[in-house]
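Here is the naming used below: chain letters follow the sequence lines, and residue numbers restart at 1 for every chain.
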Amino acid sequence: MEFASFAVFFIIACTLSAVLLGISSLLGQKRKAIREMDIYESGVNPVGSATRQYDIKFFLTAILFLLFDVEIVFLLPWAMAYNGAPDQTFMMWGFVFFMAILLVGYIFVINSKALKWEE
Amino acid sequence: MSIYYYLSIFLFCLGLLGTILKKDLISMLLCLELMMGGVALLFILFSKSTGFLDAQLMVVFTLIVSACEVAVGLSLIIALYRKKQTIYTDDIKIITE
Amino acid sequence: MLEAIIEILLKTAVILALPLGALPIIIHVERRGAAFIQKRLGPNRVGPLGLLQPLADVAKFMFKEEVHPSHVRPFFYTAAPVVALVVAILPLACIPIFAPIEIFGRSVYPEVFKSDMGIFFAFAASALGSYGILLAGWASNNKYSMLGAIRACAQMVSYELSLSTSLVAMIFLYGSNDIHVMVAEQTGYWFGFLPKWGFFLQPVAAMLFLIGIFAESNRLPFDLAEGESEIVAGYHIEYSSMKFALFFMAEYIHMIALSALFIIMFFGGYSLLPGMELIADRIPASLAILQALSLIIKVASMIWFFVWVRWSFPRFRYDQLMNLGWERLLPIGIANLIVTVLFVYFRNH
Amino acid sequence: MAADILLTFITVVFALMVVFSKRTVVAAFSLLMTLLSIAMIYFQLGTVFLSAVQVLINAGAIAILFVFVMMLINLENFTNNREKNKTKLIIATFTVLVILGVLALVINNNIETLSLVNLADNSMKALFEKLFTTYYLPFEMATVLLLAAIVACVVIASHGKKAEEKQ
């Protein structure tokens with residue numbers, strides 16, 4: 001049942017944004033002015049293609065986010081099962097060991113200055 | 001419920017086909033990710049039908065492995081691109097530089 | 001079956017009407033608040049006290065010319081604002097406004113998407129927020145927008161880590177993901193006057209989540225993406241009229257959803273404000289309305305806090321911003337996690 | 001039953017777009033939609049936690065990584081009209097179809113036992129508790145794997161930079 005309600009909610013959200021776009025394209029005036037069609041580069045004529053080379057740090061941030069996010073999200077079942085767990089001591093020590101491994105990775109990332117955005 | 005079995009093997013085979021046919025490395029990795037999705041779906045279906053619910057934990061491990069595989073794969077692709085300025089499999093034939 | 005359909009449509013209508021209805025008010029509060037902080041008047045021409053100014057803006061956005069630049073990628077260019085708005089609306093599906101109530105003998109749940117992983121779903125849906133920005137940056141094929149999109153995405157992504165650490169710390173304390181259970185644990189009082197909110201239990205996690213919210217919704221002092229002085233207007237540079245308004249709405253709704261999450265975890269969600277029990281005891285039927293009112297008051301105070309911070313802090317430099325995210329907040333989040341686990345362990349033993 | 005068919009149709013359409021779309025960015029965004037529809041299928045099957053994890057990790061982190069790489073490696077100016085040798089195409093589709101046929105046959109023979117779906121999903125709390133007590137060792141090995149992946153990515157991605165600084 002929740003799936004049906006979520007599907008209805010999703011469809012209504014999509015139609016809402018589509019309707020808003022539709023109204024504005026109907027009401028807005030149409031003018032094929034040449035100047036408006038160009039790339040906006042604060043008045044200067046654009047130089048080179050838009051997708052030029054970017055710094056590797058953006059990519060490294062996304063990768064490290066993925067790996068640390070996997071580790072933190074799989075703490076969630078831990079949190080849910082932890083409160084009523086019969087042998088909580090094993091789970092607690094297991095958690096400390098898990099965090100040790102996570103901290104080793106984190107310290108390596110910080111020391112390797114991979115994410116150090118120079119001034 | 002049983003249509004999902006056919007869906008999961010279809011996803012797996014489609015991913016396999018894509019990995020073979022695709023020309024550049026990133027699309028191959030994309031199709032590999034598609035195969036991972038198909039396999040994970042199959043795990044859940046078997047855990048549902050046999051009642052052995054621990055198989056759903058196996059999906060947790062496949063997710064971890066696929067996350068690591070994508071991360072390392074993409075950094076290799078980036079390193080390759082910085083060296084050879086191309087990621088098309090036809091241009092990357094020479095092993096030694 | 002008919003009853004279920006009516007219930008779904010009613011719930012969707014209420015959950016969509018609240019933020020969309022509140023949007024003009026928020027824009028007005030933002031303008032007047034900024035003016036108030038900077039000792040000027042703010043919009044007061046249109047209508048009494050300038051209250052009709054937001055409506056005038058909406059009409060302006062409707063009637064402006066729909067510029068479709070020639071160099072953009074056509075399909076993704078129009079798809080980006082739709083994606084941004086839909087993804088911003090999705091987390092609202094899991095946020096309940098009042099406790100489940102008994103009507104016609106059936107217990108009606110207020111949220112559209114009832115599951116015992118409510119808060120985790122809302123958080124996962126807000127994690128998809130960076131797609132609208134990436135799509136817009138890439139589709140408008142413009143150096144400024146591409147750079148703005150990548151910077152905004154890297155910033156949102158790295159602050160999501162500290163958000164998830166504080167979320168997991170709170171779930172360790174409450175023991176379940178269900179929002180109703182969380183709110184039930186936060187009703188009541190310690191020593192008679194202090195409400196049992198999560199904020200007093202976990203101030204560190206609250207600070208982390210608050211900073212994460214500012215970074216996730218690209219609000220000042222974290223708005224590197226559309227920093228006027230840096231890269232002109234960031235990812236929505238090539239957009240005009242209604243498409244720009246959709247990005248604007250998406251940002252505000254994303255902000256509302258995230259502050260609702262913050263309030264559910266740290267300020268007791270729809271639990272009644274201190275003064276409200278007296279009314280609730282006298283008129284039992286009005287409990288649901290009072291609960292919804294308390295949630296709206298809390299979210300409104302959060303929105304004022306956003307506006308207040310926006311006009312009183314300078315913008316971060318990009319490297320300061322990323323260092324704060326990775327080298328300052330994340331270790332605090334991990335340390336907070338370890339302390340919470342030990343605290344919960346010794347509390348039980 | 002209608003929801004099953006609808007979800008399967010959506011997933012199949014987006015999966016086909018991933019494999020057979022000309023531009024790689026279109027493939028990346030259709031992969032995102034496939035992962036989201038798979039998350040919806042997980043939710044419909046009753047495994048709520050896995051659907052939330054799938055949305056957060058697969059759709060929320062892995063697909064962002066793909067789009068980031070697309071942006072860093074500007075694929076647009078690569079001429080995509082590399083000659084498509086027909087023989088490879090035919091052989092590949094043939095073998096994959098054979099594999100699909102074999103798997104379909106396997107599933108078709110014992111579809112009765114397979115679709116005996118007893119939705120006896122006990123509370124997830126017990127399931128997770130088992131994850132961290134009986135299956136603790138594989139979980140720790142997966143964490144060490146993540147650690148290895150972190151070290152590998154940092155070294156590989158920033159390897160080129162040091163070489164450049166030396167020149």
Side-chain angles (χ1 to χ4, degrees), chain A residues 2-4 6-7 10 49-88 90-95 97-106 108-109 111-116, chain D residues 2-3 6-7 40-41 43-44 48-49 51-53 56-58 60-77 123-133 136-137 139-140 142-161 164:
Chain A
E2 297 88 19
F3 181 67
F6 185 74
F10 182 73
S49 91
T51 55
R52 54 170 180 72
Q53 197 49 284
Y54 285 98
D55 195 340
I56 192 80
K57 287 214 177 22
F58 294 125
F59 173 74
L60 203 57
T61 325
I63 277 203
L64 289 176
F65 159 69
L66 165 63
L67 293 169
F68 282 113
D69 200 22
V70 167
E71 295 202 22
I72 289 176
V73 158
F74 285 116
L75 277 182
L76 209 65
W78 214 301
M80 285 175 74
Y82 186 70
N83 255 342
D87 51 357
Q88 220 171 10
F90 179 83
M91 283 186 86
M92 201 269 284
W93 288 112
F95 175 83
F97 185 60
F98 172 81
M99 287 313 263
I101 295 178
L102 192 134
L103 278 177
V104 165
Y106 181 71
F108 171 77
V109 163
N111 283 353
S112 71
K113 295 215 178 352
L115 286 180
K116 180 60 81 181
Chain D
L6 180 72
L7 277 175
M40 276 305 128
I41 291 176
F43 183 80
Q44 224 240 334
V48 179
F49 173 70
S51 132
V53 162
L56 194 65
I57 290 183
N58 263 351
I62 290 181
I64 284 187
L65 212 53
F66 276 119
V67 176
F68 252 63
V69 168
M70 299 284 166
M71 285 200 179
L72 282 181
I73 302 176
N74 32 43
L75 284 171
E76 293 317 302
N77 44 35
S123 88
M124 280 184 289
K125 220 177 199 339
L127 195 66
F128 294 147
E129 218 252 305
K130 198 183 283 188
L131 173 65
F132 297 105
T133 42
Y136 182 68
L137 184 62
F139 190 76
E140 280 316 304
T143 331
V144 172
L145 176 72
L146 275 169
L147 176 63
I150 290 172
V151 172
C153 292
V154 167
V155 166
I156 295 170
S158 60
H159 170 68
K161 197 159 57 60
E164 276 150 22

Proximity breakdown for Met91(A) and chain D, heavy-atom pairs closer than 4.5 Å: side chain

Leu64(A) portion near chain D, given a 4.5 angstrom heavy-atom threshold: side chain

Atom group of Leu7(D) that falls short of 4.5 Å from chain A, counting heavy atoms: side chain

Contacting moiety of Phe98(A), where chain D heavy atoms sit under 4.5 Å: both

Test item: Ile150(D) and Phe68(A) side chains (from C-beta on) under 4.5 Å apart, heavy atoms: yes

Validation row, ring centre Phe128(D) to ring centre Phe49(D) under 6.0 Å: yes

Residue selection (most heavy-atom pairs with chain A, distance under 4.5 Å) from Leu65(D), Val69(D), Val53(D), Ile62(D): Leu65(D)

Test item: Met99(A) and Leu75(A) side chains (from C-beta on) under 4.5 Å apart, heavy atoms: yes

Phe132(D) portion near chain A, given a 4.5 angstrom heavy-atom threshold: both

Taking every non-hydrogen atom, the tightest pair across Ala157(D) and Ile56(A): O-CG1, 3.8 Å

Leu6(D), part contacting chain A, at a heavy-atom distance under 4.5 Å: neither

Distance-minimising heavy-atom pair for Val154(D) and Ser112(A): CG1-OG, 3.5 Å

Within-4.5 Å side-chain heavy-atom neighbours: Phe74(A) and Thr143(D): no

Validation row, ring centre Phe90(A) to ring centre Tyr136(D) under 6.0 Å: yes

Under 4.5 Å from a heavy atom of chain D, the part of Leu60(A) involved: side chain

Residue part contacting chain D, namely of Leu102(A), when any heavy atom lies under 4.5 Å: neither

